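To start, the structure itself, in structure tokens.
Each chain gets a letter, A, B and so on, in the order the sequences are listed, and its residues count up from 1. Any value given below was found using the heavy atoms of this structure, including those in side chains, with hydrogens, waters and symmetry copies removed. In this text, all values refer to a predicted model and were calculated from it rather than measured experimentally.
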Amino acid sequence: MKKNYYQPEDLKKFGSISEWNEDLGAKFFDYYNSVFEKGSLTKREKSLIALAVSHVVQCPYCIDAYTKDCLQRGIVKEDMMEAVHVGAAIKAGAALVHGVQMMNRHDQLSM
Amino acid sequence: MKTKSLKAQNNSLSKTEKQLEILANGIFKDGSLPTFKKKIASNNLPPIRPKKLEILQLNVGYMCNQVCAHCHVDAGPDRKEIMTYKTMEQILKVIKNTKIRTIDLTGGAPEMHPEFRWFVEELRKTDVEEIIVRSNLTILLANKKYNDLPAFFAKHKVHVISSLPFYKREKTDRQRGNGVFESSIKALQMLNKVGYGVLESDLQLDLVYNPSGAFLPGNQAALETDFKKALFEDFGVKFNQLFTITNLPISRFLDYLIASENYEEYMHTLVDAFNPSALENVMCTNTLSVSWEGFLFDCDFNQMLNLKVDIPSRHISEFNQDELKNRFIILSQHCYGCTAGAGSSCQGSIA
Ligand code: SF4
Ligand code: SF4
């Protein structure tokens, strides 16, 4: 076994997850590819969303893949960072909005 | 940004044998990736063979006013290789005796050749339909003596194809040198002014985009839309088409790939993106490349690897169409650059 949880070269082997369950694997990749086709949103917009979400879910494979995808689409680094901030802001907001729950609970328990 | 060619730096990669050795060994030797020939065979595809010869691409010399980081020619101000008058005359003779449609002048900066204008005028007297000049744009402003080139191009209906890596300053300057973006924009405005790239005119101005790093070019049509919008809105610049070109792993780009530890990943990217339908239209099927010394090559890339055509008559002075038509094209792993994704040629994507 390798000593690290993540290996960069494992990204290339992503497709192999189908080997242990062909049916579900195929369904997933089919769905995944359809999602990234141009729809009402452009492929460029989808790539930036994917980049932001990659950071929020903190997936190193997705970050590698979508940074490269953005570069290929001619997206400049300033736009990429803006997208990451959108993701980060939502994540921070999601943490902070729970502060209301904390406040409610605090008030409920306090005299 | 380096300011010298690999040759002037005495970099071992300036030797073509060294480049070919790298492309033949490592991941291609240990079987991690298939060689280009194996890849073709395993896809049950026919070998690449020459079709009708339509384009003669002439490299008139490696001298250039720029030293771009990705340059596959290893061109620069320190390169003195230049085509002789005699070779130019031999080329004109060949053109008069064949039905070549397009002459594609490249370098270095072809405009720096002392006989450049004479040569274009002589080419115009022949039956060739199209004369392309691959201009790096900044040359038009590099010296007073080049300032009237747009008018010269227009007079001889030269088709101008120019590199502009991006529509923003930073990426362009990182790849091509400081200040290149600004001069390029000025040069484009000069070309627009004499009628290039504008709707009402038949003077053709195309731009070439190649990625500024170890990744593939995106969709040609999408990038063309982005370029057109940005260049027009920001600078009032117009052009006809955008060609996306993949960087091939040779010369200075190979040096960059190795130094930045991107070589293996880049080769994987090229091989994974292998597109069988691009194979049919790779450049070597309808183009022949001539070096400053008058030698013949399957393409400009093979020229830079010093892989001369695989026939007995290898020089323009002994141009033999039958031999050329029946030749086998010399392939190596750099060819993956022509077949990745939408494919790549000097006229952009091909699949
Ligand atoms: S302008 Fe063209 S020939 Fe000159 S260094 Fe740049 S890529 Fe090479
Ligand atoms: S690199 Fe040259 S020889 Fe190889 S496929 Fe491309 S055009 Fe043909």
Need one label for Leu11(A): side chain, backbone, both or neither, based on atoms under 4.5 Å from any heavy atom in chain B.
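No part of it gets close to chain B.
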Does the pair Lys68(A)/Glu265(B) count as a salt bridge with the N-to-O cut at 4.0 Å?
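Glu265(B) and Lys68(A): salt-bridged.
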Under-4.0 Å salt bridge between Asp226(B) and Arg44(A)
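Answer for the salt bridge query: yes.
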I need the [X] [atom1] to [Y] [atom2] distance, nearest 0.5 Å.
{"X": "Lys12(A)", "Y": "Asp272(B)", "atom1": "NZ", "atom2": "CG", "result": "7.0 Å"}
{"X": "Lys38(A)", "Y": "Asn219(B)", "atom1": "NZ", "atom2": "CG", "result": "11.5 Å"}
{"X": "Lys77(A)", "Y": "Glu170(B)", "atom1": "NZ", "atom2": "CD", "result": "3.5 Å"}

If I measure from the heavy atoms of chain A, does [X] come under 4.5 Å with its side chain, its backbone, both, or neither?
{"X": "Phe166(B)", "answer": "side chain"}
{"X": "Leu216(B)", "answer": "both"}
{"X": "Pro217(B)", "answer": "backbone"}

Which heavy atom of Val76(A) sits nearest a heavy atom of Lys168(B), and at what distance?
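Where Val76(A) meets Lys168(B) most closely, the heavy atoms are CG2-NZ, 4.3 Å.
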Would one find more than 12 heavy atoms of other residues, nucleotides or ligands at under 6.0 Å from atom [atom1] of [X]?
{"X": "Phe28(A)", "atom1": "CZ", "value": "yes"}
{"X": "Glu78(A)", "atom1": "CD", "value": "yes"}
{"X": "Glu280(B)", "atom1": "CD", "value": "no"}

